[in-house]
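Reminder, nothing fancy here: chain letters follow the sequence lines and each chain counts from 1.
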Number of protein chains: 2
Amino acid sequence: MQITSRFTIALHIFTCVEYFKDDHKVTSDFLAGSINTNPVIIRKILTQLKNADLITIARGTGGITVNRPLSEVTFYDVYQAIEPVENSALFHFHESPNPNCPVGRNIHTLLDDKLKAAQGAMEDELKKHTLEDLKNEALDLIATEK
Amino acid sequence: MQITSRFTIALHIFTCVEYFKDDHKVTSDFLAGSINTNPVIIRKILTQLKNADLITIARGTGGITVNRPLSEVTFYDVYQAIEPVENSALFHFHESPNPNCPVGRNIHTLLDDKLKAAQGAMEDELKKHTLEDLKNEALDLIATEK
DNA sequence: TTCGTTGTAACTCTTGAAATTACAGCGCTT
DNA sequence: AAGCGCTGTAATTTCAAGAGTTACAACGAA
């Protein structure tokens, strides 16, 4: 099982918004072209980002604005906005271990904190990167392409 | 998206094997009872653990032996044995960004190392815990239950 | 009012986990 | 050598979710 591609798509979206904002109006159709998927997929992701207050979307006209300074939006913020997982648990626990078994009725207590720590380590790593880093690295990389 | 419950089931299995080994023969049926699932599910997971050389399964008789000292088997070893994900990538990247778009053809380069670092942080955390820790904590916890 | 865009419902396709049934193969035990 | 309990595995079903697609109403600027 993997974390949805919607997360990398969201990061792709932010990169495009910043990279193209002076040259094109960045619409869901335009983004769908760069990402190579369906505009409706993009709109759904944009809606999630809007619900998390990360962006503002202009209705009618179209166009996307990032609500906060790029240096204050981390990959983790994007991840949280996108991943709809129930109580945000990365690991799926087997539902109903047997309460009559000493192991079965204690396995949750034994594992929960360790799984949470592993998830936390991943999330802390995501917090290290901001959208500003991403934008700057994108500009650098594209500049050296020529 | 979440990591399969097969991972927590595998840890549950190891705990049972150690906890019950002197009192019961630990068969897939017995384990299925503690975990509350189907014996075939258990056997499939056992096969994965066997293929990773973590355990030996006695055919005919039944019964499970851990191949290495418990202190030398980490949660990460179990995780690797269980998760069959293609090239072990935790994050699923959108398949085919547009190569004609400067962002599209560079997005992989921009994100890959960061995603890998996040995954690595999670895996390193899993490496901190061994099956021996788990067994000892289980014994402690069950002892204090009474 | 028109036009380009967003918001969203409804549907299909595909994939994968999980569960279940069925049965062949193995190796003690007697 | 025959029976028995267990493992190995194929085949099938059920269910949930991601992804893609079509269709259309709602919005806002020109």
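Note: CD1 (B:I42) to C1' (C:dA17) measures 14 Å, nearest angstrom. Rounded to an integer number of Å, the gap from A:I45 CD1 to C:dT6 C1' is 15 Å. A straight line from CD1 of B:I35 to P of C:dA19 spans 11 Å, rounded to a whole angstrom. Whole-Å rounding puts the B:H92 NE2 to D:dG18 P distance at 12 Å. Rounded to whole Å, atom P of C:dA17 lies 16 Å from atom CZ of A:F91. B:D29 has its CG atom 7 Å from the P atom of D:dC6, to the nearest Å. Atom-to-atom, NZ of B:K25 to C1' of C:dT29 comes out at 11 Å; the value is rounded to the nearest Å. Rounded to an integer number of Å, the gap from CG of B:N36 to C1' of C:dA19 is 12 Å.
For A:K44, there are no side-chain hydrogen bond (donor to acceptor under 3.5 Å, both in side chains) partners, not counting sequence neighbours. Residues passing the side-chain hydrogen bond (donor to acceptor under 3.5 Å, both in side chains) test with B:T8, sequence neighbours excluded: A:H94. The side-chain hydrogen bond (donor to acceptor under 3.5 Å, both in side chains) search around B:T4 returns B:E83, not counting sequence neighbours. Residues passing the side-chain hydrogen bond (donor to acceptor under 3.5 Å, both in side chains) test with A:K116, sequence neighbours excluded: none. Applying the ring-ring contact (aromatic ring centres under 6.0 Å, His included) test to A:F30 and every residue at least two apart in sequence or in another chain returns A:F20, A:H24.
One finds a side-chain N or O of B:T37 lying less than 4.0 angstrom from the OP1 or OP2 phosphate oxygen of C:dA19. A:S5 has a side-chain polar atom (N or O) that falls below the 4.0 Å cut-off from OP1 or OP2 of D:dA19.
Under 3.5 Å, the side chains of A:T109 and A:N106 contain no donor-acceptor pair of N or O atoms.
Here B:K135 does not pair with B:E132 in a salt bridge; the nearest charged N to carboxylate O distance is not below 4.0 Å.
Listed nucleotides D:dA19, C:dT6, C:dT5 differ in distance to A:T4; the shortest reach to its side chain belongs to D:dA19.
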- [ ] Assign a letter to each nucleotide of nucleotides 7-16 of chain C from its 5' end: B, base within under 4.0 Å of a protein heavy atom; S, sugar-phosphate only; -, no contact.
- [x] BBBB------
